[in-house]
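The structure under discussion appears below in the form of structure tokens.
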Amino acid sequence: MQRAHRVAALLSATWVASSLLADGAWAQARRASQATAPSTPRAAAPIDITGHWVSLITDDWVYRMITPAKGDVSYIPLNAEGRRLAEAWDPARDEAAGEQCKGYAAPAIMRLPSRVEISWQDDNTLKLDIDTGMQTRLFHFNQREPQGARGWQGWSFASWQLSGTTEQFYPGPTSLGQIKRAGSLRVDTNNLRAGYLRKNGVPFSENAFMTEYYNLIIEDDGNQYLVIQTFVADPRYLTGHFVRTLQFKRERDGSKRNPVPCSAT
């Protein structure tokens, strides 16, 4: 009986020692992982989308290249109140009120024909300079809560979506080629000033919320494309999400940029 107790005690001690060693190894591995993890969002970027990009107008040409006719709300899930406001659009009134940039706000600006320069403002902030309307968007990685007053570009919180996560937009090959499997960029935007989804007065309210996914495609011939899917929700004027996919092609430099100010027409 005493021998059985001694064996049990020895086994118990061995199990405790093994557990402590395993815990120690796990903690050491965790510390090593933390030590080797990138220290900033800039260092952690799974894709490089910095540089110069030009929009490819491959769909909705008549709604993107020119200002649509007043009252044309085609393909936008507007409710009755939203349609009423679109019918009342008056560009002269917007100009007089100094609101000629209402059609260049974050939910609309990326769909306009433009050239975009993307750069790191600092290690935690991506900056998009858009020549059409001369607008600047800032993507903040470490600050989810909005800072400052509402604006046309709102407050954008960014996060990297790594391969294998359920939120990565494209799961595999597309007609444009094989997506790099490193990851993508998610951007959530709120704190917006009320503006237009289209320049012809199709409204969104200050309660609108937009989510975007930025994916980098590299073709076999070396051409690079930025594919962005946008989801706009607005409980005041939309009956469902306004969803669009946008494409940009990388350019060698910014020599073709042509900054032009906002216009209400």
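Because the structure is predicted, anything quoted here is derived from the model rather than measured.
- Panel note: side chain N124, backbone F141; no donor-acceptor pair is recorded below 3.5 Å.
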* For the pair R257 and D129, evaluate salt bridge (charged side-chain N to carboxylate O under 4.0 Å, His left out) and give the outcome as yes or no after the intermediate values. => CA-CA 10 Å; R257 286 174 59 84; D129 280 321; 5.6 Å; no
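- In this structure, Y196 is not a member of the same hydrophobic cluster as F242, with clusters built from ILVMFWY side-chain heavy atoms closer than 4.5 Å.
- Nearest heavy-atom pair across P77 and H241 is CG-O, 3.7 Å.
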* Verify side chain to side chain contact (heavy atoms under 4.5 Å, CB included) between N200 and K70, making sure each step is shown before the conclusion. => CA-CA 6 Å; N200 63 334; K70 180 177 180 178; 5.8 Å; no
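- Nearest heavy-atom pair across N223 and K249 is OD1-CE, 3.7 Å.
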* Begin from the C-alpha positions of K199 and Y63 and carry the test side-chain hydrogen bond (donor to acceptor under 3.5 Å, both in side chains) through to its verdict. => CA-CA 9 Å; K199 287 187 65 178; Y63 300 110; over 6 Å; no
* To do: Decide yes or no on side-chain hydrogen bond (donor to acceptor under 3.5 Å, both in side chains) for T211 and D188, but give the supporting numbers first.
  => CA-CA 5 Å; T211 296; D188 295 310; 2.7 Å; yes
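- With F139 as reference, Y214 is the one residue of Y214, W120, W160 to meet the ring pair (Phe, Tyr, Trp, His ring centres under 6.0 Å) rule.
- Between R193 and F204, the shortest heavy-atom contact is O-CE1, 3.4 Å.
- Using a 4.5 Å cut-off between side-chain heavy atoms of Ile, Leu, Val, Met, Phe, Trp and Tyr, with links allowed through other members, L126 and F248 fall into the same hydrophobic cluster.
- For Q100, the side-chain contact (heavy atoms from CB on, under 4.5 Å) criterion is met by E95, C262, A264, not counting sequence neighbours.
- Contact of the M110 side chain with the I130 side chain is registered, since non-hydrogen atoms from C-beta on lie closer than 4.5 Å.
- Between the side chain of Q135 and the backbone N or O of G133, at least one donor-acceptor pair lies under 3.5 Å.
- Rounding to the nearest 0.5 Å places OG1 of T50 at 8.0 Å from CZ of R42.
- Side chains of I76 and L238 form a contact here, defined as non-hydrogen atoms less than 4.5 Å apart.
- Considering OG1 of T125 and CG of L138, their distance stands at 7.0 Å, rounded to 0.5 Å.
- When all heavy atoms of K102 and E99 are compared, the pair lying nearest together is CG-O, 3.1 Å.
- Residues D72 and R198 approach most closely at O-NH1, 3.8 Å, considering heavy atoms.
- With salt bridges taken as basic N to acidic carboxylate O contacts below 4.0 Å, one links R84 and E81.
- Considering T189, T230, L197, D234 as possible partners of P107, the one that fulfils the side chain to side chain contact (heavy atoms under 4.5 Å, CB included) test is L197.
- Side-chain contact between S55 and L246: absent, with no pair of heavy atoms (C-beta onward) separated by less than 4.5 Å.
- Note on ring orientation: taking the six-membered ring where Trp is involved, the planes of W155 and H140 are parallel (angle under 30°, cut-offs 30° and 60°).
- Here the straight-line distance linking atom CD of Q121 with atom CG of L128 works out to 11.5 Å at 0.5 Å rounding.
- The CD1 atom of I228 sits 7.5 Å away from the CD1 atom of I49 when rounded to the nearest 0.5 Å.
- For the disulfide (SG to SG under 2.5 Å) condition, no pair includes a residue of residues 194-251, sequence neighbours left out.
- A donor-acceptor pair under 3.5 Å links the side-chain atoms of N79 to the main chain of R236, judged by distance alone.
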* To do: Verify side chain to side chain contact (heavy atoms under 4.5 Å, CB included) between W89 and D94, making sure each step is shown before the conclusion.
  => CA-CA 9 Å; W89 174 57; D94 288 341; 3.7 Å; yes
* **Residue pair Q247, T245: steps toward the side-chain hydrogen bond (donor to acceptor under 3.5 Å, both in side chains) verdict** => CA-CA 7 Å; Q247 299 88 31; T245 301; 5.6 Å; no
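- Using a cut-off of 4.0 Å between Lys/Arg side-chain N and Asp/Glu carboxylate O, R64 and D59 are scored as salt-bridged.
- Y237 and F231 fall into different hydrophobic clusters, where Ile, Leu, Val, Met, Phe, Trp and Tyr are joined by side-chain heavy atoms under 4.5 Å apart, directly or via other members.
- Both M65 and V62 belong to a common hydrophobic cluster when Ile, Leu, Val, Met, Phe, Trp and Tyr are linked at side-chain heavy-atom distances under 4.5 angstrom.
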* Begin with the C-alpha distance, continue with both residues' side-chain angles, and end with the deciding distance and a verdict on side chain to side chain contact (heavy atoms under 4.5 Å, CB included) for V116 and L226. => CA-CA 11 Å; V116 180; L226 190 61; over 6 Å; no
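- Within 6.0 Å of NZ on K256 lie no more than 12 heavy atoms contributed by other residues, nucleotides or ligands.
- By the 6.0 Å contact criterion, CZ on R150 is enclosed, its count of non-hydrogen atoms from other residues, nucleotides or ligands being greater than 12.
- Side chain of Y104 to backbone of Q153: no donor-acceptor contact under 3.5 angstrom is found.
- When every heavy atom of P113 is checked against every heavy atom of T132, the shortest pair comes out as O-OG1, 2.5 Å.
- No chain of hydrophobic side-chain contacts below 4.5 Å, direct or via other Ile, Leu, Val, Met, Phe, Trp or Tyr residues, connects L112 to W152.
- Taken to the nearest 0.5 Å, the OG atom of S119 stands 4.5 Å off from the NZ atom of K127.
- Here the OG1 atom belonging to T40 is positioned 9.0 Å from the CG atom belonging to N142, to the nearest 0.5 angstrom.
- In this structure, the side chains of I109 and S114 stay at 4.5 Å or more apart for every pair of heavy atoms.
- Within 6.0 Å of the CG atom in D253, the count of heavy atoms belonging to other residues, nucleotides or ligands exceeds 12.
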